[in-house]
Amino acid sequence: MLQVSYIRDNREKVLERLAVKNFKQPELVDEIIQMDNDRRQTQNRLDNISAEANSAAKQIGELMRKGKKDEAEAIKAKTGAWKEEIKTLGDALNTLENNLNQKVVLLPNLPHASVPKGLTPEDNEVVLENGVKPNLPADAIPHWELAAKYNLIDFELGVKITGAGFPVYKNKGAKLQRALINYFIDEAEKAGYKEVSVPLMVNEASGFGTSQLPDKEGQMYFVGLDNLYLIPTAEVPITNLYRDVILKADELPIRNCGHTPCFRREAGSYGAHVRGLNRLHQFDKVEIVTIAHPDESYDILEKMSAHVQGLLQKLGLPYRVLRLCGGDMGFGSALTYDMETWSAAQQRWLEVSSVSNFETFQSNRLKLRFRNAEGKTQLAHTLNGSALALPRIVATLLENNQTERGIKIPEVLVPYTKFEWID
RNA sequence: GGAGAGAUGGCAGAGUGGUCGAUUGCGGCGGUCUUGAAAACCGUUGACUGUUAAAGGUCCGGGGGUUCGAAUCCCUCUCUCUCCGCCA
């Protein structure tokens, strides 16, 4: 959520930046400024009357104590009108604030200066490409066929017990999951991220804090009886650990990592591109989250990106890094890098990670602050990224590493899987 | 699920209608002392809003009410704890 004071002071810049994100309602900006003026005016009137009423109440108290009842009664007689006006103005202020908030929440974050203009994924900027795309034999098959051939994943069984998009992993397929999770966590810890294990359901306040709510209810599973949401990503609970917290400057940056399953309704998805592991309702992911000083957050974003790339390199997967264009970026992000691996059997890039700097967009909602050099509270920056999401990694590993003998497990994973081949 | 108790500043914990944004202790910060540290002593220490800076305003779990005046009284919601029951 943008800060109203910032919008007020930087109207032109806000409009210019929102245009990069192809924001459809630029008129909201002026509406918000106008509403904020009204709000401030009302607040001012309310404050003044409250001040009068407060001092009158004090006088009455004093007079009563001195036994000057008549004088006290005289002042009391005047308070009725104030009281009424305080009530009226208070209600008006409430309404104004609510209306204002409802509008502010509609504004996406302002994109960083380096974000390319553009509307669709085709407009994303390829930052770099790394690794060698394997030349598979002509009879190479996609991962869903490999999964069946080697009895690794049973999609139909998942449909029986839950529904489409909830696969059952079996045999070496299940072991590979566990190996990847442990490997990713170990690597994150080596890079300085402290592991946390967090709840898989969150309340509404948490959903709001990381900007899933309001508006993206439709993407999350909701447990109505208890008013809880299943997490679409560990970003939500891990970032919300620091909701309503004022940190010391020397505690920054705070780095956390965690593994969770993620639950996504993926309403509206369909077609060949969602086959197999390409798009699921439940999947496992290791997430890295950083709370950073604003001066450092972009350096840290690069480091987080480098960490993710390091994982892909060690796994021997060809990948590329995209700088998302304004139109393809998430609502709350200021700058996002997507990492995609090359799936050789499907002949397409698969997104396996997304690393973003949210600047103060989340922290303003979270009330996540730190005490700066002047001793004042200041909003921190929040960043997060997948390191990594499992299913498409599994898909790419299976497809790219298929040989006549079987599927070769990358060396770095062998200590975790305890086997070298799926055959 | 049943019964009871509770929610106050970073933490602990006072405060039951007025001078309370809130006693005190711990913690934090600054200082004295010390080669340095500890101890001791002195001072300081909530957030938001607002202003050039002040003043002022708001906040004692959330919301509503009573009153000239509410941390304090009333209603309501949420959460936490204890005991009982059930249970991985």
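Each chain gets a letter, A, B and so on, in the order the sequences are listed, and its residues count up from 1.
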Participant: How far does the C1' atom of B/rC87 sit from the matching atom of B/rC77, given to the nearest Å?
Facilitator: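 It comes out at 29 Å once rounded to the nearest Å.
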Participant: So, is the end of the A/Lys172 side chain (NZ or CZ) under 6.0 Å from the ring centre of A/Phe419 and within 45° of the ring's axis?
Facilitator: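 Pair A/Lys172/A/Phe419 counts as cation-pi.
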Participant: Quick one: A/Asn227 CG to B/rC77 C1', roughly how many Å, whole number?
Facilitator: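 Atom CG in A/Asn227 sits about 13 Å away from atom C1' in B/rC77.
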Participant: Is A/Lys248 close enough to B/rC29 that one of its side-chain N or O atoms is under 4.0 Å from OP1 or OP2 there?
Facilitator: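 Looking at the OP1 and OP2 atoms of B/rC29, neither is under 4.0 Å from any side-chain N or O of A/Lys248.
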Participant: Please determine whether a side-chain nitrogen or oxygen atom of A/Arg371 lies at a distance below 4.0 Å from atom OP1 or OP2 of B/rG28.
Facilitator: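 Looking at the OP1 and OP2 atoms of B/rG28, neither is under 4.0 Å from any side-chain N or O of A/Arg371.
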Participant: How many Å lie between CD on A/Glu251 and P on B/rG28, as a whole number?
Facilitator: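 So the CD-P distance, A/Glu251 to B/rG28, works out to 14 Å.
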Participant: Rounding to an integer number of angstrom, what distance separates B/rG17 and B/rA22 when you compare their C1' atoms?
Facilitator: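 Here B/rG17 and B/rA22 have their C1' atoms 15 Å from each other.
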Participant: Taking 4.0 angstrom as the limit, do A/Glu187 and A/Lys314 come out as a salt bridge?
Facilitator: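 A salt bridge links A/Glu187 with A/Lys314.
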Participant: How would you label the contact of A/Ala56 with the nucleic acid (heavy atoms, under 4.0 Å): base, sugar-phosphate, or nothing?
Facilitator: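 No contact at all - A/Ala56 keeps every heavy atom at 4.0 Å or more from the nucleic acid.
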Participant: Could you give the distance separating B/rC33 and B/rA38 at their P atoms, to the nearest angstrom?
Facilitator: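 Rounded to whole Å, the distance is 15 Å.
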Participant: Would you confirm whether the ring centroid of A/His259 sits within less than 6.0 angstrom of the ring centroid of A/Phe184?
Facilitator: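 Not close enough - the centres of the two rings lie 6.0 Å or further apart.
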Participant: Is B/rU19 paired to anything, Watson-Crick or G-U wobble with both distances less than 3.5 Å, and if yes, which nucleotide?
Facilitator: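 Across any shown strand, B/rU19 pairs with none.
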Participant: How would you label the contact of A/Asn54 with the nucleic acid (heavy atoms, under 4.0 Å): base, sugar-phosphate, or nothing?
Facilitator: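 Sugar-phosphate contact only - A/Asn54 comes under 4.0 Å of backbone atoms but never of a base.
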Participant: Between B/rU24 and B/rU78, how far apart are the two P atoms, rounded to whole Å?
Facilitator: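 About 37 Å, rounded to a whole number of Å.
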Participant: Once you round it to whole Å, what is the distance between C1' of B/rG65 and NZ of A/Lys87?
Facilitator: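 About 9 Å, once rounded to whole Å.
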Participant: In whole Å, what separates the P atom of B/rC20 from that of B/rA71?
Facilitator: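 Those two atoms are separated by 12 Å.
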Participant: Let's test this: given Watson-Crick or G-U wobble pairing with both distances under 3.5 Å, identify the partner of B/rC41.
Facilitator: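 B/rG31 is the nucleotide pairing with B/rC41.
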Participant: Under a 3.5 Å cut-off for both contacts, is B/rG1 paired Watson-Crick or G-U wobble with anything, and if yes, with which nucleotide?
Facilitator: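 B/rG1 is paired, partner B/rC84.
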